[in-house]
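Here the structure is laid out as structure tokens; the discussion comes afterwards.
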There are 2 protein chains.
Amino acid sequence: MSSYKDKKVITIGVMSELTGLSERKIRYYEERKLIYPDRTSGGTRKYSFLDVERLLDIAEKMEDGMQTFEIRRMEQKKMKNKELRERMLRGQLNAAFNMRKG
Amino acid sequence: MSSYKDKKVITIGVMSELTGLSERKIRYYEERKLIYPDRTSGGTRKYSFLDVERLLDIAEKMEDGMQTFEIRRMEQKKMKNKELRERMLRGQLNAAFNMRKG
DNA sequence: CGTGTAAGGAATTCTGACACG
DNA sequence: CGTGTAAGGAATTCTGACACG
């Protein structure tokens, strides 16, 4: 399940280079709950490649004039829809399974 | 061709955690030409996930009592064999192709 | 040879704040 | 709201060297 993509290993400086975003922006998006780095024991932020993709996506939306709370709302909706689809899929599978059984 | 696995983004501290090797060892293996990190403009080392795998492989060989120069020699042999196989494969493909043509 | 360590300095990162708009 | 910046401090990393074996 977890792979290199999810490993939190990238410092904010490298992150800044990878995304083209200033460190200030990256920290701010964290403050606005758009991204969640890990921390070293000393407090230094660590990001994953998935976070790189997230930030690029966020950057694009910001350029389109979207506000951070809107982006956050969109993310939440996506999550909810995903859960919903999964629950429905499981429901259908269970139904089909029970039909065969009984 | 290149993916997350080859991106040099990991600092030596994280590298040390990921591999369980001391920073001293990691720097020494570089000195012995077993690993080649990139550098930031400021001189800080940056490693890739492929480097993580390399280091784990090196660590295993060191535990088996192998010396750094032997490990290095093994790597070179592997490279040469790989090139040889590829050349031979290309040769056979070319031969087959020419047979059809002429 | 391979690795630990103390040393001094430089690069990197952190937080909270002020500024502007 | 979103972002730049200067400030002071702390965490991280760097190199060259000495030590031991």
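Here the structure is a predicted model, which means the values were calculated and not measured. Lettering of chains follows the sequences in order, A, B, ..., and the numbering in each one begins at 1.
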* To do: Look at the side chain of A:Thr19 and the backbone N and O of A:Met15, then say whether any donor-acceptor pair between them is shorter than 3.5 Å.
  => yes

Numerically ordered, the residues 49-70 of chain A set in heavy-atom contact under 4.0 Å with DNA chain D is A:Met62, A:Gln67, A:Thr68

Rounded to whole Å, the CZ-P distance (B:Arg24 to C:dT5) equals 11 Å

Checking D:dG2, D:dG4, C:dT3 against the side chain of A:Tyr28 (C-beta onward), the nearest is D:dG2

Contacts of A:Ser16 meeting side-chain contact (heavy atoms from CB on, under 4.5 Å) (sequence neighbours excluded), chain-then-number -> A:Glu23, A:Ile26

_A:Lys46 and A:Ile10, any side-chain heavy atoms less than 4.5 Å apart_ = no

Sequence neighbours excluded, the answer for salt bridge (Lys or Arg N to Asp or Glu O under 4.0 Å) partners of A:Arg87 is A:Glu83

Hits for salt bridge (Lys or Arg N to Asp or Glu O under 4.0 Å) against B:Lys8, two or more places apart or cross-chain, chain-then-number order -> B:Asp51

Short heteroatom pairs, N/O only, protein and nucleotides 14-16 of chain C, under 3.5 Å:
residue	atom	partner	partner atom	Å
C:dC14	OP1	A:Arg45	N	2.7
C:dC14	OP1	A:Arg45	NE	3.0
C:dC14	OP2	A:Arg27	NE	3.2
C:dC14	OP2	A:Arg27	NH2	3.0
C:dT15	OP1	A:Arg39	NH1	3.0
C:dT15	OP1	A:Arg39	NH2	3.2
C:dT15	OP2	A:Arg45	NH2	2.3

note: A:Glu17, atom CD; C:dT13, atom C1'; distance rounded to Å ~ 14 Å

Residue set satisfying side chain to side chain donor-acceptor pair (under 3.5 Å) with A:Tyr36, at least two apart, ordered chain then number -> none

Contacts of A:Glu53 meeting salt bridge (Lys or Arg N to Asp or Glu O under 4.0 Å) (sequence neighbours excluded), chain-then-number -> A:Lys5

For this session: Tell me whether the OP1 or OP2 atom of C:dT12 has a side-chain N or O from A:Thr11 closer than 4.0 Å.
Result: no

Secondary structure of DNA chain D per the Watson-Crick/G-U criterion (both distances under 3.5 Å; [ ] crossing, | other strand, . unpaired) is .||||.||.|.|.||.||||.

Side-chain N or O of B:Arg32 versus OP1/OP2 of C:dG2: is the shortest distance under 4.0 Å?
yes

Exercise. Given C:dG2, is OP1 or OP2 found less than 4.0 Å from the side-chain N or O atoms of B:Tyr29?
Worked result: no

So the salt bridge (charged side-chain N to carboxylate O under 4.0 Å, His left out) pairs with at least one residue in residues 33-42 of chain B (sequence neighbours excluded) are B:Glu30-B:Arg39

Base, sugar-phosphate or nothing for B:Ser22? Non-hydrogen atoms, less than 4.0 Å. sugar-phosphate

message = Base, sugar-phosphate or nothing for A:Thr40? Non-hydrogen atoms, less than 4.0 Å.
response = sugar-phosphate

Taken in chain and number order and not counting sequence neighbours, the residues that satisfy side-chain contact (heavy atoms from CB on, under 4.5 Å) with A:Met74 are A:Lys61, A:Met66

The residue, B:Glu31 or A:Gly13, whose nearest nucleotide of DNA chain C is more 5′ is B:Glu31

The ring-ring contact (aromatic ring centres under 6.0 Å, His included) partners of B:Tyr29 (sequence neighbours excluded) come to none

Residues passing the side chain to side chain donor-acceptor pair (under 3.5 Å) test with B:Thr68, sequence neighbours excluded, are B:Arg32

